[in-house]
S.K.: 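Sending over a structure as structure tokens; questions will come in a sec.
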Amino acid sequence: MAENIKVYVPDNSIKKGYRSLFREMAEEVRTSKWLTWQLFKRDFKIIYQQSVLGILWILIPPMMTVGTFIFLNDAGIFNVGDISVPYPLFALLGVALWQVFATGLNSTTNSLMAAGSMISKINFPREALVFSSMGKVLITFLIQMGLVVVLFVYYGIVPPWTVILFPFTLIPVLLLALGLGLILSILNGVVRDVGRTLPIITTFLMFLTPILYATPQSGFLATLTEYNPLYYLLIVPRDLILIGETSLWDGYLISSLLSIGAFFACWIIFHLTETRIAERI
Amino acid sequence: MDDDVAIKVENVSKKFSRTLKRSMLYGVNDIGRNALGMSSHPEKLRKSEFWAVDDVSFELRKGEILGLIGPNGSGKSTLLKMLNGIYWPDKGRIMIDGKVGALIEVGAGFHPMLTGRENIYINAAILGMTKEETDERFDDIIEFADIGDFLDTPVKFYSSGMYVRLGFAVAIHCEPDVLLIDEVLAVGDIGFRAKCINTIVSKLDEMSVVLVSHNMPQVSRYCNSAMLLNKGCIVDCSDDVPSIINKYNDIFQGDAGRILNTDNNVIKEIIINDLITNKLSVDFRKSLDFDITLELNNNTKYIDFSILFMNKESQVVSQVNSKYNKEKISNIQSSLRINLTIPEIFLSPGIYSLWIVIQDYDTNEFLCGHYDTIQLEVVADFTSWAPTQMKGKWQLKQ
């Protein structure tokens with residue numbers, strides 16, 4: 001048979017075998033680069049249109065969160081613990097990092113559902129929708145980092161040299177969010193409860209992860225933190241920016257491997273099942 | 001698969017669930033099984049599922065247009081989406097040679113907030129064009145879409161016609177090997193429709209087309225073969241497009257028509273070509289002879305008598321009317337027997353239903369009528385796009 005003949009059969013993807021699966025996935029990434037970029041540009045252009053404050057909406061939520069915690073701390077209601085750097089800087093960086101994971105997970109999860117009418121009418125690599133929705137998260141993060149830089153200048157702090165490692169240490173948490181997002185976006189396409197539950201879960205996780213308070217030293221929360229991969233994936237990059245060293249390399253390495261493994265596993269599952277959602281979305 | 005075959009469909013079926021709750025449950029189940037590398041047993045119907053497309057097979061040769069027709073809900077769009085790979089079949093096999101372009105819904109993927117220019121790039125990318133291809137064909141696209149100054153206006157301010165034009169322009173410039181079109185040509189003005197069809201026809205040496213349409217003249221004019229679907233099954237598929245269209249029209253029959261009378265005004269009897277019948281057939285350019293008996297009350301002095309010929313789309317194609325023929329028929333007897341002869345029938349071949357309507361000549365008041373009670377089939381050795389023909393005098397000049 002000629003090279004460019006497409007064959008569709010029931011349970012299409014699982015009948016092709018794994019080797020052709022990886023080739024297909026690589027091919028899809030190659031062909032959908034331009035599409036992903038276009039979708040990313042589109043999302044970014046429309047995100048704050050018909051809005052007065054526009055791009056300020058990227059900065060308002062983390063400032064509100066940090067402001068609330070400063071207030072709670074000052075009022076003695078909540079104790080953020082012993083922190084060696086100015087708390088606003090510590091907290092703002094933490095929230096910005098957290099949002100990479102949380103909004104990354106939320107926007108990837110909702111990416112397919114939001115494009116439902118397109119998915120059921122055009123055949124195109126759906127990965128592009130999920131990947132491109134991650135781009136928005138990165139832009140948001142970059143803008144929030146601008147605010148962090150302002151705080152550095154305000155407090156007159158010079159970041160340690162390890163700051164150059166910072167962007168690379170973010171990769172595992174991005175992959176984790178993207179991987180989970182790939183799976184959840186498929187499930188959310190079929191069962192909407194997934195997308196509705198997720199913000200509640202990520203909010204809950206935010207309070208379990210020591211990003212707005214110092215790492216707990218004892219008790220139940222300390223044990224939990226020790227087994228929380230997000231703790232390592234988010235706190236190590238922050239330590240590298242603020243302190244210049246970290247004691248968490250072991251946990252970070254294990255969590256990173258877990259994240260990378262999860263990403264590829266989830267991507268394979270996504271590829272195997274993406275066509276399933278066109279008929280259910 | 002032979003080299004000259006563009007699409008080969010073998011015993012393809014697709015099922016859907018009638019309820020949303022079960023659809024969710026089955027969806028999670030199927031995804032779970034596929035994710036674990038297991039078959040989802042698509043060939044079995046589960047509770048509340050039905051076959052939306054059932055055991056469909058056909059072949060489309062390169063360079064040909066297949067018309068896919070059928071009543072609403074017959075599975076046309078589902079079949080088209082399977083050809084495009086949007087849905088997987090649950091049974092059978094589909095093979096397609098080449099790049100598939102689909103116009104399932106024009107402008108799917110357009111974002112209302114973005115301008116025409118921005119949407120062209122995004123839509124082209126979604127349809128699988130590269131940046132270079134889009135740059136190269138950009139001028140052709142805007143020329144074809146003919147949206148003028150609106151290129152840099154957000155598409156939410158476009159008229160629906162402009163929207164369709166832009167969507168079609170992008171899709172046709174993807175230069176697919178197989179083009180799937182789902183009724184989208186019904187939108188847009190007549191000029192644009194002609195332009196679309198002409199473009200498709202001009203590209204046929206490098207493209208095959210599957211056209212879903214409810215527009216039978218269009219199907220008979222352009223399709224090399226037609227397939228009639230009903231309730232997911234093939235009723236018939238053949239190169240004899242007019243016969244398939246007749247079968248399509250037959251699906252909608254069964255309406256016995258209506259008879260309306262007012263105050264003792266009735267049509268007693270209708271005899272056509274010496275027959276009392278509700279279905280008759282006549283050859284093109286042969287005569288029709290009506291013998292109609294009326295009983296009307298004394299309030300009417302003169303009558304206005306008309307017979308209208310309605311096509312399958314319930315449009316009046318032609319009529320014969322006593323008033324326009326300068327006839328003033330007096331209501332002088334208790335029983336009026338009127339003879340009317342149409343010497344030559346110039347209706348294009350097809351099935352027409354008759355409306356026989358009697359009105360008061362002076363007041364235009366409706367007296368009585370028979371609607372759709374008689375079916376007339378015009379038979380000829382040609383098929384035509386035009387609803388009626390004209391008699392011409394032909395001469396070869398020296």
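Chain A is the first sequence line, chain B the second, and so forth, proteins listed ahead of strands; every chain is numbered from 1.
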S.K.: Between A/Trp37, A/Phe124, A/Tyr8, which has the largest tally of heavy atom pairs under 4.5 Å with chain B?
M.R.: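 That would be A/Tyr8.
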S.K.: Between B/Ser13 and B/Asp55, do the side chains contain a donor N or O and an acceptor N or O under 3.5 Å apart?
M.R.: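 B/Ser13 and B/Asp55 do not have a side-chain donor-acceptor pair below 3.5 Å.
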S.K.: What part of A/Ile277 lies closer than 4.5 angstrom to a heavy atom of chain B: side chain, backbone, both or neither?
M.R.: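 Side chain only.
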S.K.: Looking at B/Lys99 and B/Asp177, does any basic side-chain N land under 4.0 Å from a carboxylate oxygen?
M.R.: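 No, no charged N to carboxylate O under 4.0 Å.
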S.K.: Per the side chain to side chain donor-acceptor pair (under 3.5 Å) rule, which among A/Asp193, A/Thr109, A/Asn110 passes with A/Asn188?
M.R.: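 Answer to the side chain to side chain donor-acceptor pair (under 3.5 Å) test with A/Asn188 among A/Asp193, A/Thr109, A/Asn110: A/Asn110.
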S.K.: Less than 4.5 Å to any heavy atom of chain A: does that hold for the side chain of B/Leu80, its backbone, both, or neither?
M.R.: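 Neither part.
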S.K.: Passes salt bridge (charged side-chain N to carboxylate O under 4.0 Å, His left out), B/Asp30 versus A/Arg276? Steps please.
M.R.: CA-CA 8 Å; B/Asp30 291 349; A/Arg276 282 272 173 215; 3.7 Å; yes
S.K.: Is it the backbone or the side chain of B/Val100 that comes under 4.5 Å from a heavy atom of chain A, or both, or neither?
M.R.: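 Contact with chain A is through both the backbone and side chain of B/Val100.
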S.K.: Tell me which one of B/Leu83, B/Leu211, B/Val210, B/Ile181 satisfies side chain to side chain contact (heavy atoms under 4.5 Å, CB included) with B/Leu68.
M.R.: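 Of the listed residues B/Leu83, B/Leu211, B/Val210, B/Ile181, the side chain to side chain contact (heavy atoms under 4.5 Å, CB included) partner of B/Leu68 is B/Val210.
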S.K.: Highest number of heavy-atom pairs under 4.5 Å with chain A: which of B/Pro89, B/Gly37, B/Ala35?
M.R.: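 The residue among B/Pro89, B/Gly37, B/Ala35 with the greatest pair count is B/Pro89.
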S.K.: With a 4.5 Å cut-off on heavy-atom pairs, point out which of B/Ser23, B/Pro42, B/Gly109, B/Ser77 contacts chain A the most.
M.R.: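 Greatest number of close heavy-atom pairs with chain A: B/Ser23.
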S.K.: Between B/Leu127 and B/Val170, is the side chain to side chain contact (heavy atoms under 4.5 Å, CB included) condition met? List the steps.
M.R.: CA-CA 9 Å; B/Leu127 295 175; B/Val170 178; 4.0 Å; yes
S.K.: Quick one about A/Asp11 and B/Ser39 (side-chain donor to acceptor, distance below 3.5 Å, no hydrogens or angles considered), yes or no?
M.R.: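 Per modelled atom types, B/Ser39 and A/Asp11 side chains form a pair under 3.5 Å.
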S.K.: Tell me which of these, A/Arg280, A/Arg42, A/Glu274, A/Gln38, has more heavy-atom pairs under 4.5 Å with chain B than the rest.
M.R.: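 Top option by heavy-atom pairs under 4.5 Å: A/Arg280.
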S.K.: Strictly by modelled atom types, are B/Asp135 and B/Tyr121 linked by a side-chain donor-acceptor pair under 3.5 Å?
M.R.: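 There is such a pair (donor and acceptor under 3.5 Å, judged by atom type) between the side chains of B/Asp135 and B/Tyr121.
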S.K.: If you count heavy-atom pairs under 4.5 Å between each of A/Leu187, A/Ile122, A/Val191 and chain B, which one has the most?
M.R.: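 Most heavy-atom pairs within the cutoff with chain B belong to A/Ile122.
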S.K.: Does any heavy atom of chain A fall under 4.5 Å from the side chain of B/Lys81, the backbone, both, or neither of them?
M.R.: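 Just its side chain gets close to chain A.
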S.K.: Side chain from CB out, backbone as N, CA, C, O: work out which of these in A/Thr275 comes under 4.5 Å of a heavy atom of chain B, or both, or neither.
M.R.: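 Both parts, backbone and side chain.
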S.K.: Under 4.5 Å heavy-atom distance to chain A, tell me which part of B/Phe110 shows up: side chain, backbone, both or neither.
M.R.: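 B/Phe110 has no heavy atom closer than 4.5 Å to chain A.
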S.K.: Under a 4.5 Å heavy-atom cut-off, does chain A meet the side chain of B/Thr130, its backbone, both or neither?
M.R.: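 For B/Thr130, the contact with chain A is made by the backbone alone.
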S.K.: Can you check ring-ring contact (aromatic ring centres under 6.0 Å, His included) on A/Phe131 and A/Trp267, steps first, answer last?
M.R.: CA-CA 11 Å; A/Phe131 289 167; A/Trp267 191 9; 5.7 Å; yes
S.K.: Taking side chain as everything from C-beta outward and backbone as N, CA, C, O, which of these in B/Lys14 sits under 4.5 Å from a heavy atom of chain A? Side chain, backbone, both or neither.
M.R.: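 The side chain, not the backbone.
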S.K.: Taking every heavy-atom pair that is under 4.5 Å apart, which of B/Gly101, B/Gly128, B/Gly98 has the most such pairs with chain A?
M.R.: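 If we count pairs closer than 4.5 Å to chain A, B/Gly98 comes out on top.
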